[in-house]
Amino acid sequence: AAGSHRTRRGDRADRVLGSEKRFGKNNVILSDIRKPADNVFYSGPFIFADILDYKNLREIVVNNRITWLFHYSALLSAVGEANVPLARAVNITGMLHNVLDIAAEHNLRLFVPSTIGAFGPTSPRDPTPDLCIQRPRTIYGVSKVHAELMGEYYHYRYGLDFRCLRYPGIISADSQPGGGTTDYAVQIFHDAIKTGKFKCYLRPDTRLPMMYIDDCLKATLEIMEAPAEALTMRTYNISAMSFTPEELAQEVQKYVPELEMSYNVDQVRQAIADSWPMNFDDSNARRDWGWKHDYDLAELVTTMFSYLGSDSRIAQAN
Ligand code: VAH
C-alpha cells in the first residue's frame, strides 16, 4: 500500500514505487520467507522464496523470466553474533551455493549489498577507502567479505554481472530495527515520540557512517542501471553522513526538546562499532557513476519526523 505521507522530496512511495513505474508494475517481484509488513511501500507481486532452497529459487527465476536479482537475505551484525550457525547458512551458503550459481547459470544482473561491517579494526577507519585490508570480527562482516570476493570471482571467471555497494547504517521510518549495531539510530525516533526517553547502547561519541533509505534506494538503482563500461570496480563504498549518538540526539531534540538521553553501553555492540569505519571514502562511486547523496543529518531527522512525528513537534523546530 503506498504511503500516505509526503516528504520534502515528494511521496516516498512514488520514488520507491518509481522502480515499478520504471520497470513495469508486474515486472518487480518482492520475495521473502514471510509476508511483507502492512506498511511496506509495495503493491506488486509477492512470492515466497527461501534463500536456502536452491530448487525453489531456480524455479522462481525460470518461471518468472527474472533478469535482475537484488539479494537482501542476511542476518545483520549483532543478531548474527547471537546465532553464528544460522548466519553462516544464510549469509554464506545461501549466498554462494544458491544465489551466485543461479545468477551465473541464468545470466542475471545480480546486486548484493555489502556493508561498513565488511571492514575491521585493522582497516583504516577515518576515512575507509574502497580498497584496504578487510579483517572483520563478526560473522556478518566475514560473510559480506566472502560475498564481495565470490561475486567478483564469478564476474571475472564467468562474466557474471555482479554489482555490490557497501551500505552505511540505513535509517528508515517504515521498518523496525533489524538486529544491527547501527539500529540505535532508528530506535531513537520511535522512543523519542513514544516516551521522550532513549537509552543508547553505544557510547555518545561513537561515530558511524549512516544513510537515509531514499539515498540507499537511489544508489542501488543507479549502480544497477550504470553502463558496465563506467564501472572500474564491482564493489563500491557509498556514503552520505557520519554521526555520533550525541550529535543525533541534539538534532532530534530540535523536534522533541524533552528527549532524555541515557547511555547503557552494550559491550558486544560497542566492540563491533569500534571495529567499523568512522567515515567512508566513496570517491570512486562519485567518479564512476555520479553518486551523490541527498540527505544529510538535518534532512534525515526532518524527514523521519515528517513520517513518524506529530506536526506540532515540527512547528516547534521551525
Ligand atoms: C548492522 N545496520 O548494524 C546493519 C549494517 C552498517 C551496519 O549492516 O549490522
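For ligands, and for the atoms within them, numbers begin at 1 and follow the listed sequence.
Residue G169 approaches ligand 1 through these ligand atoms, each under 4.0 Å from one of its heavy atoms: 6 (C). For ligand 1, the atoms sitting less than 4.0 Å from at least one non-hydrogen atom of T115 are 5 (C), 6 (C), 7 (C), 8 (O), numbered in the order shown with element in parentheses. Interface of W276 with ligand 1, defined as ligand atoms under 4.0 Å from a residue heavy atom, comprises 1 (C), 3 (O), 7 (C), 9 (O). Taking every non-hydrogen atom of G180 and a distance limit under 4.0 Å, the qualifying atoms of ligand 1 come out as 1 (C), 3 (O), 9 (O).
Note: the hydrophobic cluster containing V112 does not contain L149 (ILVMFWY, side chain heavy atoms under 4.5 Å, direct or indirect links).
Among all protein heavy atoms, the one lying closest to atom 6 (C) of ligand 1 is I116 CG1, 3.2 Å. Atom 5 (C) of ligand 1 has as its closest protein heavy atom Y140 OH, 3.6 Å. Distance from atom 2 (N) of ligand 1 to its nearest protein heavy atom, with residue and atom name: T182 OG1, 2.8 Å. The closest protein non-hydrogen atom to atom 3 (O) of ligand 1 is T181 N, 2.6 Å.
Judged by the 6.0 Å distance and 45° axis criteria, R234 is not positioned over the aromatic ring of F162.
For Y167, no nitrogen or oxygen atom sits less than 3.5 Å from a nitrogen or oxygen atom of ligand 1, counting backbone and side chain alike. Residue-to-ligand polar distances place S77 within reach of ligand 1: an N/O pair is separated by less than 3.5 Å.
Look at R203 and D205 and you find a salt bridge, because one of the NZ, NE, NH1 or NH2 atoms lies within 4.0 Å of a carboxylate O, short of that distance.
At a threshold of 4.5 Å between non-hydrogen side-chain atoms, the residues C164 and Y236 do not count as touching. In this structure the side chain of R135 never reaches within 4.5 angstrom of the side chain of F119, judged on heavy atoms.
Side-chain atoms of D130 come within 3.5 Å of backbone N or O of N237 as a donor-acceptor pair.
Counting heavy atoms closer than 4.0 Å to ligand 1, residue P168 contributes backbone atoms (N, CA, C, O) but none from C-beta onward.
The two residues A78 and G180 make their nearest non-hydrogen contact at CB-O, 4.1 Å. The heavy-atom pair separating T303 from E299 by the smallest distance is OG1-O, 2.7 Å.
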